[in-house]
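Below is one structure, written out as structure tokens, with a few remarks after it.
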Amino acid sequence: MTTLVSSTDTLTRDALAVLQPGFLGTTAPDWLLRRIGEGLTSVGLFGRNIASPGQLSALTAQLRAERDDVLVAIDEEGGDVTRLEVRHGSSFPGNHALGAVDDVDLTREVARELGRRLAECGVNLNWAPSADVNSNRDNPVIGVRSFGADPALVARHTAAYVEGLQSAGVAACTKHFPGHGDTAVDSHHAMPRIDVDLDTVHARDLLPFRAAIAAGSKCVMSAHILLPALDPNRPATLSPQILTGLLREELGFEGLIVTDGMEMQAIASTYGIERGSVLAIAAGADAICVGGGLADENTVLLLRDALVAAVRTGELPEERLADAAARVRGLAGWTLRARGASEPGADTQEGTAPGTAIGLRAARRALRVTGTAKPLDTPPYVAAFTPVANIAVGDETPWGVAAELERLLPGTETGSYSGAGIAGTETDALVARVLAAAGDRTVVAVVRDVHRHAWMAEALRALLMARPETVVVEMGVNEAEPSGALHIATYGAARVCGQAAAEVITGNERP
């Protein structure tokens with residue numbers, strides 16, 4: 001249903017103001033600019049919208065020509081989840097690597113530099129950091145996006161990240177409230193359920209969010225998870241008990257509450273995005289994130305009209321929608337004031353030149369090396385055991401060590417191997433293919449969360465039996481026992497993590 005309304009109608013402007021939609025292309029389409037003129041206050045960017053820093057700056061300038069205080073949001077966590085460098089891999093390690101180092105000053109400095117780069121391109125709202133405590137080692141969607149499994153560690157690094165990012169004039173959006181770390185289900189695909197008692201929620205999952213609020217986080221993003229200890233009926237994104245009762249009233253958060261992507265199946269397949277958006281605003285959310293999958297004008301109009309209709313039928317109080325819109329505009333005003341008034345960066349990022357980039361320095365510090373092996377001085381064969389990427393990470397971004405080893409040892413060759421569901425003789429066949437491709441070269445086996453993938457663990461065991469001198473690089477959560485002549489844990493698959501590992505393999509370590 002489309003509701004015919006005037007572009008000056010206050011209710012319609014408020015309904016547009018609470019949406020954070022995406023779009024296709026590297027320039028703003030006419031429909032998006034038109035809706036900004038009608039009251040749309042936020043725009044979400046994804047990897048598909050970014051080709052280069054110059055192009056991104058031109059795009060954000062195009063948006064600001066329509067509205068000077070427009071919120072330009074992005075999902076730039078650094079590490080495995082990068083949009084700025086989606087085609088090349090991130091210049092910054094992600095949360096898990098920073099947690100492994102456990103230097104809050106370093107985390108703050110990395111976040112400040114990442115924020116500086118975002119602000120330089122005209123982005124002023126980052127849907128980061130993840131404050132989830134990765135308490136479930138088999139979590140399929142959080143993993144290296146978390147600072148770790150210790151709530152106190154996650155809390156202190158979440159606070160440092162918020163402080164660093166916002167010191168660059170970019171609003172932080174701490175996620176995924178009240179904590180997505182203890183799930184075995186990815187909410188992109190279905191509704192996760194966390195069955196723990198209230199004491200565990202407060203002692204474990206809420207601790208980092210309390211720290212983020214104390215650090216002044218401008219936004220908090222809700223999770224599409226069912227947590228019966230807090231609300232047995234509705235997921236957090238749609239729960240008044242969780243968003244209003246817990247986050248607003250009990251924890252005292254006064255900033256903007258943003259939903260996770262409403263087209264994620266945890267919401268879309270259960271409630272639908274229109275009803276889900278109405279319920280979210282009614283529950284206490286202030287902004288509706290949509291556009292990762294549905295990035296067209298029709299989606300914006302459907303959600304706008306659903307909110308308007310809900311107010312007119314009395315399902316959604318008009319004052320609740322007006323309050324949500326006011327909070328969005330308030331954050332937009334903060335970003336406008338913050339522009340040009342942020343702290344100068346402590347260390348300007350300069351690509352990955354040795355010794356100059358804070359991201360590379362952090363990645364080097366995060367490495368955990370077990371075993372000894374003579375540094376390679378001849379080109380190896382890199383066997384990348386590749387799991388299916390989750391939707392948050394995506395499969396566009398390259399990862400591994402092959403490109404960096406090729407730079408240091410020209411002639412390095414690589415192959416990608418995927419074996420979900422294989423066993424027995426099929427594992428033997430996979431390893432035989434690796435050995436045939438490698439010939440007499442040293443094998444560098446690259447794995448990602450080997451503890452979560454039985455096929456990968458079995459293939460690695462068989463490979464090490466045949467080639468004990470194999471070097472193993474774990475670029476995910478480092479839960480399995482170290483194996484191989486040399487075992488390097490990078491705690492993430494960012495480009496700089498691969499570079500740091502390649503330096504160790506070749507004996508080119510830098511301080």
Side-chain angles (χ1 to χ4, degrees), residues 80 96-97 100 134 136-140 143-144 366-376 378-390 393 395 398-406 409 412-494 497-498 500-506:
D80 292 31
H96 206 49
N134 198 52
N136 186 335
R137 67 198 293 270
D138 294 324
N139 195 310
V144 295
L367 294 183
R368 296 295 181 271
V369 180
T370 306
T372 57
K374 180 182 177 183
L376 289 183
T378 57
Y381 180 76
V382 179
F385 294 103
T386 307
V388 176
N390 67 58
V393 173
D395 56 10
W399 67 283
V401 299
E404 298 301 333
L405 283 172
E406 166 65 23
L409 295 173
T412 294
E413 294 183 2
T414 186
S416 179
Y417 301 88
S418 180
I422 71 169
T425 57
E426 292 171 305
T427 299
D428 295 338
L430 184 152
V431 173
R433 284 171 28 224
V434 173
L435 295 175
D440 60 0
R441 296 169 180 241
T442 298
V443 177
V444 177
V446 184
V447 295
R448 203 168 179 176
D449 293 345
V450 70
H451 71 282
R452 290 201 304 115
H453 304 286
W455 71 267
M456 191 185 298
E458 183 56 37
L460 184 60
R461 270 194 299 272
L463 175 60
L464 290 172
M465 286 182 65
R467 292 282 187 89
E469 73 280 8
T470 293
V471 173
V472 178
V473 182
E474 168 62 84
M475 302 195 79
V477 176
N478 186 36
E479 286 284 345
E481 285 296 315
S483 58
L486 187 69
H487 183 276
I488 303 170
T490 63
Y491 296 90
C497 296
E503 291 172 349
V504 171
I505 293 169
T506 59

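For clarity, every value in this text was computed on a predicted model and none was experimentally measured.
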Can you give me every donor-acceptor pair (side chain of residues 462-470, partner residue at least two apart or in another chain, under 3.5 Å) with its distance?
| unit_1 | atom_1 | unit_2 | atom_2 | d |
| --- | --- | --- | --- | --- |
| Arg467 | NH1 | Arg441 | O | 3.1 |
| Arg467 | NH2 | Gly439 | O | 2.4 |
| Thr470 | OG1 | Arg467 | O | 2.8 |

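- Residue Val431 comes nearest to Ala459 through the heavy atom pair CG2-O, 3.5 Å, listed as atom of the first residue, atom of the second, then distance.
- Annotation: side-chain hydrogen bond (donor to acceptor under 3.5 Å, both in side chains) contacts of Thr414 (sequence neighbours excluded): none.
- Note that CG of Leu435 and CG of Leu430 are 10.0 Å apart. Values are rounded to the nearest 0.5 Å.
- Judged as a side chain to side chain contact (heavy atoms under 4.5 Å, CB included), and not counting sequence neighbours, the contacts of Val401 are Val382, Leu405, Val444, Val446, Val473, Met475, Ala501.
- Here the closest non-hydrogen pair linking Val144 and Gly476 is CG1-C, 3.5 Å.
- Separating the CG atom in Leu460 from the NE2 atom in His453 is a distance of 13.0 Å, to the nearest 0.5 Å.
- In terms of heavy-atom proximity, Val472 sits nearest to Val447 at CG1-CG2, 4.4 Å.
- Checked by atom type and distance alone, the side chain of Glu474 never pairs as donor or acceptor with a backbone atom of Ala489 at under 3.5 Å.
- Across all their heavy atoms, Cys497 and Gly492 have their closest contact at CB-O, 3.4 Å.
- Put simply, CE on Met456 and OG1 on Thr427 are 12.0 Å apart, with the number rounded to the nearest 0.5 Å.
- Looking at residues two or more places apart in sequence or on another chain, you find no ring pair (Phe, Tyr, Trp, His ring centres under 6.0 Å) involving Phe385.
- In this structure, Pro375 has no side chain to side chain contact (heavy atoms under 4.5 Å, CB included) partners at least two apart in sequence or on a different chain.
- Side-chain contact between Thr490 and Leu367 is present, with at least one heavy-atom pair separated by less than 4.5 Å.
- Listed by chain and residue number, Glu458 satisfy the side-chain hydrogen bond (donor to acceptor under 3.5 Å, both in side chains) test with Arg461 (two or more places apart in sequence, or in another chain).
- Ala97 meets the side chain to side chain contact (heavy atoms under 4.5 Å, CB included) test with Pro93, Ala366, Tyr491; sequence neighbours excluded.
- Residues forming a side-chain hydrogen bond (donor to acceptor under 3.5 Å, both in side chains) with Thr386 (at least two apart in sequence, or on another chain): Ser416.
- Asp449 is linked by a side-chain hydrogen bond (donor to acceptor under 3.5 Å, both in side chains) to Arg452, counting only residues two or more places apart in sequence or in another chain.
- Residues that satisfy the salt bridge (charged side-chain N to carboxylate O under 4.0 Å, His left out) test with Arg137, not counting sequence neighbours, are Glu479.
- Within the 4.5 Å cutoff, the side chain of Tyr381 has heavy atoms near those of the Val434 side chain.
- Residues satisfying the side chain to side chain contact (heavy atoms under 4.5 Å, CB included) criterion with Thr370, sequence neighbours excluded, are Pro482, His487.
- A distance of 4.0 Å separates CD1 in Ile505 from CD1 in Ile488, rounded to the nearest 0.5 Å.
- Looking at heavy atoms from C-beta onward, Arg448 lies in side-chain contact with Asp80 at the 4.5 angstrom threshold.
- With hydrogens and angles disregarded, no donor-acceptor distance shorter than 3.5 Å links the side chain of Arg368 to the backbone of Asn478.
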